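See structure below.
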Protein chains: 2
Amino acid sequence: MSIPATYQRIVLASRPRGPVTPENFRLETVPVPQLAAGEVLIRNHYLSLDPYMRGRMSAAKSYASSQQLDQTMIGGTVGQVLASRNELYQVGDYVNGVLGWAEMGVSDGVLLRKLDATRIPLSAFLGVVGMPGMAAWYGFNQIMQAAAGETVVVSAASGAVGSVVGQLARLRGCRVVGIAGGQEKCDYVVRELGFDACVDYKAGNLEADLAAATPDGVDAIFENVGGACLDAALARTNAFARVALCGLIAGFNGGELPIKNARLLLINRLTLRGFIITEHMEYWPQGLQELAVLVANGQIKYRESVADGLAAAPEAFMGLLQGRNFGKQLVKLI
Amino acid sequence: MSIPATYQRIVLASRPRGPVTPENFRLETVPVPQLAAGEVLIRNHYLSLDPYMRGRMSAAKSYASSQQLDQTMIGGTVGQVLASRNELYQVGDYVNGVLGWAEMGVSDGVLLRKLDATRIPLSAFLGVVGMPGMAAWYGFNQIMQAAAGETVVVSAASGAVGSVVGQLARLRGCRVVGIAGGQEKCDYVVRELGFDACVDYKAGNLEADLAAATPDGVDAIFENVGGACLDAALARTNAFARVALCGLIAGFNGGELPIKNARLLLINRLTLRGFIITEHMEYWPQGLQELAVLVANGQIKYRESVADGLAAAPEAFMGLLQGRNFGKQLVKLI
């Protein structure tokens, strides 16, 4: 494989005020650097787009430091080693890394993970067998702890995380109710993923529809959205229900994002826990192994929205924040 | 001891619409019943008034069934056995029961607990060595799990529950910051109970005052109030802080009681758990034993507001809901 002289990347040009706009990003062509000892040059095949990136674009305090201006946008990638001065990685190895919105990247090897792409497509390591899958696995197994027969509600149900939560719950024998935007996503969630029901929040009748879909109440919630979705699910909770708080995509464009009725947390003796999956690395080996088996066996299905080429990343990212994607949002770079 | 022919009780006359009013209660004189086999007749010495009673007065769904109209208001009591047809209880025994807002009551013995009042005053079994003390003990030890050096925030800090939480935290070596209403209560909390600081929410500067009192942020919250108190404490949380949600007295008079910024739950990876102490009876023997030792040794102090006579109960209860009490609110019946 020949090594090009330059590659393209996208940097954060400005921080959003309100919704993200194309002007917040800038596409640049930069030279491919020389490798220092221990470094690896990687050509990225796929870039992962994820809601957490929106938080990093703001200067406000979040759980991670904010993305620097004029630097490559952060992001998970899968790709292939083009050149290596690190004995752990050989040219041609498939690897998962955090090389950002860029056609190539250099890593010191610390955050790289070698991938076996013989049974699972490379892109899946950014989704169902990657960070989103682990978020689902951890939230379901460590926080929701739902038993067979219990009712589980999952928001953003057709998304990269929600789709895995629901399928794990179905395999456990739970009643699984999704919340998604639009009839097409809801149909997919029920017919393809095997959820028992899915409520279309865009139909304008979220509370009543969710109530109808959860006749025995709700025992566990996986929350990706917040706002009206979370309020509606909380209103249906049974005593001792558990809430895994993974994302609050409803609040990404600023403004307050209240929980309307805090009384329910007490009246129903709820346990709510917010978590960031990258802080629980001790679970990743077990979780990824279990997910890989389920995917390879066809017991967990997944869907991807694939944008073509790096220049398409900003538009795809804005679409993700508005729910225009369908399944895991990727950018194909090669 | 002679047995009177009649006794007084207070029944729920009507359900409150908004704030509780005297018209919601009715004082009645009723005949002392004949005991059936297995029953015990008890003369109540003290009645406990507690915020949870407000929830029972509403017909709305809560964690317990609502108080029936025209029946004796529910409530914990301590008193002495006047007559017994139950071999486990002898005339003269001191007992803790749930005999309600009444001078006397009949029990089948199931919910009675015999008391040793030789080292601890009888009234304390309704407070620091009773249900409020247990709520503090459980929330602190099982949910907050605060370590030495961590900062703990306690709302309603001079109250029956909050005062115990803060003293347990102080004994653990935590930095303890209370929130209370008025300078007198704040002074008591700091000078008598040994809290490191106490913020007067009535001073009108809650957020800034709490921020000043928690320079290292907040690692654990014991919430009795909700609303602005909880929002201010959440705004100060460090990563992985724990919130024990014991009461929401701010919302007792109806209307919504939001958590303003749900984003904090995710950003700071908080764990919040609502609990009802009577659902965790398995911890009571250990907790009450530990509290009794700490009280007998003078390591936990407490304060009582004592109303005189059953007829004073409604007014005292309304005062409790408005924070006019100072420490555990009791009604002395004999």
Side-chain angles (χ1 to χ4, degrees), chain A residues 51-52 54-55 58 60-64 135 139 142-143 217 223-231 234-235 237-280, chain B residues 51-52 54-56 58 60-64 135 139 142-143 217 223-231 234-235 237-252 254-280:
Chain A
Y52 77 84
R54 176 62 184 85
S58 297
K61 183 194 170 194
S62 184
Y63 45 81
Q142 299 300 317
I143 301 177
E223 190 54 52
N224 290 306
V225 177
C229 278
L230 180 54
D231 286 332
L234 289 175
T237 46
N238 294 322
F240 308 113
R242 291 79 61 193
V243 184
L245 183 58
C246 178
L248 290 169
I249 199 168
F252 272 139
N253 286 330
E256 287 186 350
L257 188 71
I259 290 178
K260 210 167 62 178
N261 192 350
R263 225 180 261 108
L264 290 168
L265 297 165
L266 178 58
I267 290 176
N268 293 338
R269 293 86 90 201
L270 305 186
T271 297
L272 182 152
R273 179 175 295 167
F275 74 102
I276 307 296
I277 189 56
T278 47
E279 292 178 332
H280 302 280
Chain B
Y52 77 84
R54 176 62 184 85
R56 302 289 184 93
S58 297
K61 182 193 170 193
S62 182
Y63 45 80
Q142 299 300 317
I143 301 177
E223 190 54 52
N224 290 307
V225 177
C229 279
L230 180 54
D231 286 332
L234 289 176
T237 45
N238 295 322
F240 308 113
R242 291 79 60 193
V243 184
L245 183 59
C246 178
L248 289 169
I249 199 167
F252 272 139
E256 287 186 351
L257 189 71
I259 290 178
K260 209 166 63 177
N261 193 351
R263 224 181 262 108
L264 290 169
L265 297 165
L266 177 59
I267 289 175
N268 294 339
R269 293 86 91 201
L270 306 186
T271 297
L272 181 153
R273 180 175 296 165
F275 73 102
I276 306 296
I277 190 55
T278 48
E279 292 178 331
H280 303 280

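These numbers were taken from a predicted model, which means no experiment stands behind them.
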Interface moiety of A:L265 toward chain B, non-hydrogen atoms closer than 4.5 Å:
both

What are the two closest non-hydrogen atoms of A:R269 and B:F275, and how far apart are they?
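Reported closest heavy-atom pair: CG-CA, 4.0 Å.
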
Of the non-hydrogen atoms in B:L248 and A:R263, which two are nearest, and what is the gap between them?
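Heavy atoms of B:L248 and A:R263 come nearest at CD1-CA, 3.6 Å.
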
Give, for atom CG of A:L257 and atom CG of B:N261, the distance between the pair rounded to the nearest 0.5 Å.
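Between A:L257 CG and B:N261 CG, I get 7.5 Å after rounding to 0.5 Å.
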
Which answer fits B:L245, side chain, backbone, both or neither, if we ask what part of it has an atom under 4.5 Å from a heavy atom of chain A?
both

